[in-house]
Amino acid sequence: MSTPSRPASAASTVSEAVATRRSVRRFLPDPVDRAVLERVLEKAQRAPSGGNVQPWNALVLTGEPLQRLFAHVAAVIPQGRAAHAPEYDIYPPELSGPYEARRFGVGEALYAALGIAREDKRGRLTQFMDNFRAFGAPVLMLIHTPRTMGRPQWSDIGMWLQTVMLLLREEGLDSCAQEAWAVYQRQIRECVAIPQDHIFFCGLAIGHGDADAVVNRFPVPRAPLAEVLTFEGF
């Protein structure tokens, strides 16, 4: 069997995949082949996990099941926070210092790229609500894990997700990890079969990013190594 040809936008090295992966917030409607997703997820099973526990579980939605989820969540969005029921804090309540500054900075950069002013509350809300249509992605993966899993296993899930996202770049696909979906875990459970003894973690939007969309092109800086890292004994 011949190896599938790599799309023109695909990453050919790990370094290129890391450099070109970003949280894409506008996707093209082009469908994603199930065989490609299975190839990515089969390879991602090699992601590391403590004791080889492999604590990740996921559902992959497209087509009518995905549209049904979008509609179900859209129906409760007007209720505001009354409809929210996250099972964990997406950000620590005490987040401060450089960590809060980075979070605030990327949000402001996003709205600036879209030309949405700080006082434009409606515009900002409209952009935020686009989270719950997976930014137009044709595929949404919903990640969950047993409630018995602890912080080390959650870090394992993060390594698996990063592996998936980099392998998607190798296939010429883009993604956006979306913890925002956690606030609607109750509505998600009404649409898909997530075991009650599992905690819902996040969504992962998957598809072909719209390269012309400004929301996919604004710079997202990273902290310099000197700010986050210390070498000793070198």
Q | All pairs passing side chain to side chain donor-acceptor pair (under 3.5 Å) where residues 195-223 contributes a residue, at least two apart | A | His144-His198
Separation of [Y] [atom2] from [X] [atom1] (nearest 0.5 Å):
{"X": "Arg46", "Y": "Leu167", "atom1": "CZ", "atom2": "CG", "value": "12.5 Å"}
{"X": "Gln187", "Y": "Leu69", "atom1": "CD", "atom2": "CG", "value": "9.5 Å"}
{"X": "Ile90", "Y": "His84", "atom1": "CD1", "atom2": "NE2", "value": "9.0 Å"}
{"X": "Ile157", "Y": "Thr145", "atom1": "CD1", "atom2": "OG1", "value": "4.0 Å"}
{"X": "Ser175", "Y": "Arg21", "atom1": "OG", "atom2": "CZ", "value": "6.5 Å"}
{"X": "Arg122", "Y": "Met129", "atom1": "CZ", "atom2": "CE", "value": "10.0 Å"}

Is there a path of hydrophobic side-chain contacts, each under 4.5 Å between heavy atoms, that joins [X] and [Y]?
{"X": "Val76", "Y": "Leu66", "answer": "yes"}
{"X": "Phe104", "Y": "Phe128", "answer": "no"}
{"X": "Leu204", "Y": "Leu28", "answer": "no"}
{"X": "Val53", "Y": "Met159", "answer": "no"}

Are any non-hydrogen side-chain atoms of [X] and [Y] less than 4.5 angstrom apart?
{"X": "Thr62", "Y": "Val32", "value": "no"}
{"X": "Met141", "Y": "Leu41", "value": "yes"}
{"X": "Asn57", "Y": "Ile143", "value": "no"}
{"X": "Gln54", "Y": "Ser49", "value": "yes"}

Pairing of [X] and [Y] as salt bridge, 4.0 angstrom limit:
{"X": "Arg34", "Y": "Glu38", "value": "yes"}
{"X": "Arg102", "Y": "Glu227", "value": "yes"}
{"X": "Asp174", "Y": "Arg169", "value": "yes"}
{"X": "Arg124", "Y": "Glu108", "value": "yes"}

Q: Any chance you could lay out the side-chain contact (heavy atoms from CB on, under 4.5 Å) test for Met165 and Thr163, step after step, and finish with the verdict?
A: CA-CA 6 Å; Met165 290 188 281; Thr163 303; over 6 Å; no
Q: Apply salt bridge (Lys or Arg N to Asp or Glu O under 4.0 Å) to Arg68 and list each qualifying residue two or more places apart in sequence or on a separate chain.
A: Glu64
Q. Considering residues at least two apart in sequence or located in another chain, which fulfil the salt bridge (Lys or Arg N to Asp or Glu O under 4.0 Å) criterion with Arg189?
A. Glu87
Q. Okay, side chain of Gln153, backbone of Gly150: is any donor-acceptor separation there less than 3.5 Å?
A. yes
Should side-chain heavy atoms under 4.5 Å link Ile, Leu, Val, Met, Phe, Trp and Tyr, which residues sit in the same cluster as [X]?
{"X": "Phe27", "answer": "Val24, Phe135"}
{"X": "Val228", "answer": "Leu225, Leu229, Phe231, Phe234"}
{"X": "Leu110", "answer": "Val106, Tyr111, Leu114, Ile116, Val214, Val215, Phe218, Val220"}
{"X": "Leu166", "answer": "Val14, Val18"}

Q: For Gln67, check side chain to side chain donor-acceptor pair (under 3.5 Å) against everything at least two apart and list the hits.
A: Arg133
Q: Only counting residues at least two apart or in another chain, list the ones meeting side chain to side chain donor-acceptor pair (under 3.5 Å) with Glu100.
A: none
In a table with atom names and distances, give each donor-acceptor pair under 3.5 Å that connects a side chain of residues 92-99 to protein atoms at least two apart or in another chain.
none

If you compare all heavy atoms of [X] against all heavy atoms of [Y], which two are closest, and at what distance to 0.1 Å?
{"X": "Ser23", "Y": "Cys176", "result": "CB-SG, 3.8 Å"}
{"X": "Ala137", "Y": "Ala205", "result": "CB-CB, 3.8 Å"}
{"X": "Glu170", "Y": "Ala10", "result": "O-CB, 3.2 Å"}
{"X": "Pro219", "Y": "Ala109", "result": "O-CB, 4.5 Å"}

(Q) If you count every heavy atom of other residues, nucleotides or ligands that lies below 6.0 Å from Gln79 atom CD, does the total exceed 12? (A) yes
Q: For His72, check ring pair (Phe, Tyr, Trp, His ring centres under 6.0 Å) against everything at least two apart and list the hits.
A: none
Q) Does any donor atom in the side chain of Thr20 or Glu16 lie under 3.5 Å from an acceptor atom in the other side chain? A) no
**Q.** Test log, rule side-chain contact (heavy atoms from CB on, under 4.5 Å), inputs Leu140 and Ile206
**A.** CA-CA 6 Å; Leu140 179 65; Ile206 300 171; over 6 Å; no
Q. Pairs in or reaching into residues 150-183: which pass ring pair (Phe, Tyr, Trp, His ring centres under 6.0 Å), with residues at least two apart or in two chains?
A. Trp56-Trp160, Tyr88-Trp154, Phe132-Trp181, Trp154-Phe201
